[in-house]
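Keep in mind it's a predicted model, so treat the numbers as computed, not measured.
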Amino acid sequence: QVQLVESGGGLVQAGGSLRLSCAASGRTSSNGAMAWFRQAPGKERQLAAAINWSGGSIYYADSVKGRFTISRDNAKNTVYLQMNSLNAEDTAVYYCAARGWSNIATRDNEYDYWGQGTQVTVSS
C-alpha cells in the first residue's frame with residue numbers, strides 16, 4: 001500500500017499563488033506516474049496536471065496551462081503543484097494520485113492510490 005498526504009491548501013486572493021505538496025509513504029516506488037486532480041463543488045473530478053516518473057513527460061489541462069507547474073522529487077517521494085495567477089474557477093478540493101505505471105494517465109480510474117484531498121479556495 002501507498003499512502004499519500006497532501007498539504008499546502010488554503011484561502012488565497014485572486015491573482016495569488018499556492019504551492020501544494022504530496023508526500024508518499026509506505027510501499028513507494030519512484031517509478032510511478034503521479035497527478036493532481038481537482039473537484040469543484042457540484043462538478044466531476046478532473047485532471048489538472050500529471051507527471052511521469054522521470055519528470056520528462058508532463059500533462060496540463062488547458063484550464064491550468066501556463067499558470068500551474070507540476071514537479072517531483074523522487075528522493076523525497078514528493079510531488080508538487082505550484083499554482084500561480086489563481087482565480088475563482090480554481091476553487092476546488094485538490095487530490096494527489098499515484099499509479100504503479102511510469103507513463104502518464106489522464107483518467108482517474110487509472111490511478112491506484114489517492115490522498116485525502118486539500119481545499120483550495122480563491123476569493124475574488
How many angstroms lie between atom [atom1] of [X] and atom [atom2] of [Y], to the nearest 0.5 angstrom?
{"X": "Arg99", "Y": "Arg107", "atom1": "CZ", "atom2": "CZ", "result": "9.5 Å"}
{"X": "Met34", "Y": "Ser71", "atom1": "CE", "atom2": "OG", "result": "11.0 Å"}
{"X": "Gln1", "Y": "Asp112", "atom1": "CD", "atom2": "CG", "result": "9.5 Å"}
{"X": "Tyr94", "Y": "Gln119", "atom1": "OH", "atom2": "CD", "result": "9.5 Å"}
{"X": "Arg67", "Y": "Met83", "atom1": "CZ", "atom2": "CE", "result": "9.5 Å"}
{"X": "Cys96", "Y": "Ile70", "atom1": "SG", "atom2": "CD1", "result": "8.0 Å"}

Check: [X]/[Y] side-chain N/O donor and acceptor closer than 3.5 Å:
{"X": "Thr118", "Y": "Arg38", "answer": "no"}
{"X": "Glu89", "Y": "Thr91", "answer": "no"}
{"X": "Asn52", "Y": "Ser102", "answer": "no"}

Show the numbers, then the answer: is there a side-chain contact (heavy atoms from CB on, under 4.5 Å) between Leu18 and Val120? CA-CA 9 Å; Leu18 282 175; Val120 171; 3.9 Å; yes
Stepwise, does the side-chain contact (heavy atoms from CB on, under 4.5 Å) test hold for Trp36 with Glu6? CA-CA 10 Å; Trp36 288 96; Glu6 302 101 333; 3.7 Å; yes
As a quick check of understanding, evaluate side-chain contact (heavy atoms from CB on, under 4.5 Å) for Glu44 and Gln39, giving each step before the final call. CA-CA 6 Å; Glu44 293 185 353; Gln39 187 168 20; 5.5 Å; no
Would you say the side-chain atoms of [X] pair up with the backbone N or O of [Y], donor to acceptor, closer than 3.5 Å?
{"X": "Gln13", "Y": "Val122", "value": "no"}
{"X": "Asn87", "Y": "Ala14", "value": "no"}
{"X": "Gln82", "Y": "Phe68", "value": "no"}
{"X": "Asn84", "Y": "Ser17", "value": "no"}

Quick one: hydrophobic cluster around Leu47, which other residues, with the 4.5 Å side-chain cut-off, linked directly or via members?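 Besides Leu47, the cluster holds Phe37, Tyr59, Val93, Tyr95, Ile104, Tyr111, Trp114.
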Give the intermediate values and the outcome of side-chain contact (heavy atoms from CB on, under 4.5 Å) for residues Leu11 and Ser123. CA-CA 7 Å; Leu11 175 64; Ser123 62; 4.3 Å; yes
Minimum-distance pair of heavy atoms, taken over all atoms of Ala24 and Leu4: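 Reported closest heavy-atom pair: CB-CD2, 3.6 Å.
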Atom of Ala105, atom of Ala50 and distance for their closest heavy-atom approach: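 Taking every non-hydrogen atom into account, O-CB, 4.3 Å.
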Is there a chain of hydrophobic side chains (I, L, V, M, F, W, Y, each step under 4.5 Å between heavy atoms) that links Leu81 to Ile58?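 Looking at the clustering, Ile58 is in the same group as Leu81.
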Count I, L, V, M, F, W, Y as connected when their side-chain heavy atoms are under 4.5 Å apart, and connections chain through other members. Are Leu20 and Tyr80 then in the same cluster?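 Result: no, two separate clusters.
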If you count every heavy atom of other residues, nucleotides or ligands that lies below 6.0 Å from Lys76 atom NZ, does the total exceed 12?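 No - once you tally the heavy atoms of other residues, nucleotides and ligands closer than 6.0 Å, there are 12 at most.
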